[in-house]
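Have a look at the structure below, then the notes.
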Amino acid sequence: MKPVRDLPIEKLRHSLLDWYDAEGRDLPWRIRPEARAAGQIADPYAVWLSEIMLQQTTVPHATPYYFKFLDRWPSVHDLAAADEDEVLAAWAGLGYYARARNLIACARAVSAAGGVFPEAEKDLLALPGIGAYTAAAIRAAAFDLPASVVDGNVERVITRLCTIPEPVKTSKPEIRQIAAEIADPGRPGDYAQAIMDLGATVCTPRKPDCAGCPWSFACAARAEGHPEAYPVKAPKVAKPHKHAVGFAVFRGETIWLRKRPSRGLLGGMLEVPSTEWRTEKWSLTRARAAAPLDVQWAKRAIISHVFTHFSLEMAMWRAEAPTGWEPDEGGWHALGDVDQLALPSLMKKAVLGAL
DNA sequence: GAAGCGTGGTC
DNA sequence: TGACCAAGCTT
């Protein structure tokens with residue numbers, strides 16, 4: 001790791017906080033500086049909930065889920081007592097479903113310990129679903145305790161400020177060191193939100209607003225004239241394209257769905273039965289042989305879906321269940337309930353596409 | 001420590 | 001329109 005750069009720490013802190021006091025966003029889970037200064041205290045449960053939902057997720061996507069969860073489970077005890085399938089159903093559509101499983105596990109651990117979220121970083125890190133970023137964010141936003149948050153926004157801001165020439169994967173320790181050095185121990189909560197807001201609204205991936213940036217005076221990438229060159233991108237690997245045939249079996253106004261294994265892709269969520277997901281296409285003959293029922297299938301929509309590490313094309317076939325036939329696993333679900341079920345987006349598209 | 005893990009919006 | 005992107009964690 002290179003030696004710490006000669007940065008105008010105090011000036012950076014002050015200009016960022018001045019900017020945040022005037023320009024910072026007002027988000028549902030956030031306490032604005034004037035409210036914090038007036039003694040308003042954050043609800044650690046609400047802060048934690050928002051941070052888990054916001055992991056790799058945009059504010060507009062997460063916000064309705066945040067309100068839905070707070071309304072339905074107002075306290076950590078309520079969430080801890082909830083049925084796991086109901087929580088997964090409420091999470092459906094938000095993605096990264098391990099977060100929901102960890103959310104329940106974390107709520108139960110905190111509830112069992114009296115319902116009080118820990119303040120110490122090591123205690124926060126010991127909870128399921130809480131890593132380095134989230135532990136720091138909870139310390140800062142919920143408890144106003146010293147912490148250095150390093151998320152994608154902060155990584156972008158720091159790599160530009162210091163023109164760090166390697167991909168983030170390589171330079172992460174250096175980024176953390178610089179971020180921690182600048183972090184303001186006087187107003188930790190406001191500072192953490194300020195630096196993330198800076199990345200989200202000013203130091204954006206494309207077309208950053210350097211003219212409106214409180215750190216432009218010190219920014220090396222700005223001086224170079226090409227702030228968008230940072231962070232340096234790692235070469236990306238092509239994602240495979242997979243094929244499957246999905247089997248929608250209806251009985252009147254119900255459809256056969258089953259639960260996926262509790263770990264792994266879409267873990268614990270509902271699915272329509274399907275062939276293996278593989279890179280080779282499926283012939284009609286092979287797909288028919290792999291079907292859960294030997295009936296006359298009708299072809300319906302072809303569903304395209306993109307996951308993090310592969311894309312999938314699922315041809316939907318449908319059939320009416322023969323009288324007396326029952327699935328060996330899973331069960332019948334009313335079509336009118338599709339929005340209340342633990343259906344990931346792919347499977348919701350599959351069900352609707354098979355109609 | 002590299003790989004696995006979703007989704008929807010944007011340009 | 002396909003590539004890129006968004007407040008990461010776990011194994």
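Residue numbers begin at 1 in each chain, while the letters A, B, ... track the order of the sequences.
- A/Ala132 comes within 4.0 angstrom of sugar-phosphate atoms only, judged by non-hydrogen atoms across all strands, and of no base.
- The minimum heavy-atom distance between A/Pro118 and A/Phe143, with the atom names listed, is O-CE1, 3.3 Å.
- Taking A/His77 as the reference, nothing meets the ring pair (Phe, Tyr, Trp, His ring centres under 6.0 Å) condition, with sequence neighbours excluded.
- Identified under the salt bridge (Lys or Arg N to Asp or Glu O under 4.0 Å) test for residues 242-263 of chain A, with sequence neighbours left out: A/Asp85-A/Lys259, A/Arg251-A/Glu326, A/Arg258-A/Glu271, A/Arg258-A/Glu329, A/Arg260-A/Glu271.
- Aromatic ring centres of A/Trp256 and A/Phe247 lie farther apart than the 6.0 Å criterion allows.
- Taking atom NZ of A/Lys172 as the reference point, atom C1' of B/dG1 lies 13 Å away to the nearest angstrom.
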Checklist entry - Where along nucleotides 5-11 of chain B does protein come under 4.0 Å, by heavy atom, of base (B) or sugar-phosphate alone (S), with - for untouched nucleotides? => result BBBS---

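- Using a 4.0 Å cut-off between a side-chain N of Lys or Arg and a carboxylate O of Asp or Glu, A/Asp144 and A/Arg187 do not qualify as a salt bridge.
- Between A/Trp29 and A/Tyr66, the ring centre distance stays below 6.0 Å.
- Comparing the same atom, P, in B/dG6 and in C/dT11 gives a spacing of 14 Å after rounding to whole Å.
- Ranked by how close their nearest DNA chain C nucleotide is to the 5' end, A/Gly129 and A/Arg25 are led by A/Arg25.
- Between the CE atom of A/Met53 and the P atom of C/dC9 there is a distance of 16 Å, rounded to whole Å.
- A/Leu27 comes within 4.0 angstrom of a nucleotide base, judged by non-hydrogen atoms across all strands.
- Straight-line distance from the CD atom of A/Glu228 to the P atom of C/dC5: 11 Å, rounded to whole Å.
- Nucleic acid contact for A/Thr134: sugar-phosphate only, since backbone atoms but no base atoms lie under 4.0 Å from a heavy atom of the residue.
- Distance A/Asn102 CG to C/dG8 C1': 11 Å, rounded to the nearest Å.
- Whole-Å rounding puts the A/Leu127 CG to C/dT10 C1' distance at 15 Å.
- Annotation: side chain to side chain contact (heavy atoms under 4.5 Å, CB included) contacts of A/Ala107 (sequence neighbours excluded): A/Trp48, A/Val76, A/Leu79, A/Ala80.
- Here A/Lys348 lies out of heavy-atom contact (under 4.0 Å) with every strand.
- Between the CH2 atom of A/Trp91 and the C1' atom of C/dC9 there is a distance of 12 Å, given to the nearest Å.
- Under the rule for a side chain to side chain donor-acceptor pair (under 3.5 Å), the partners of A/Glu86 that lie at least two apart in sequence or sit in another chain are A/Arg72.
- Not one side-chain nitrogen or oxygen of A/Lys169 sits closer than 4.0 Å to the OP1 or OP2 atom of B/dG1.
- Residues from residues 187-197 of chain A placing a heavy atom under 4.0 Å of any atom in DNA chain B do not occur.
- Aromatic rings of A/His309 and A/Phe307 (six-membered ring for Trp) have centroids beyond the 6.0 Å cut-off, not under it.
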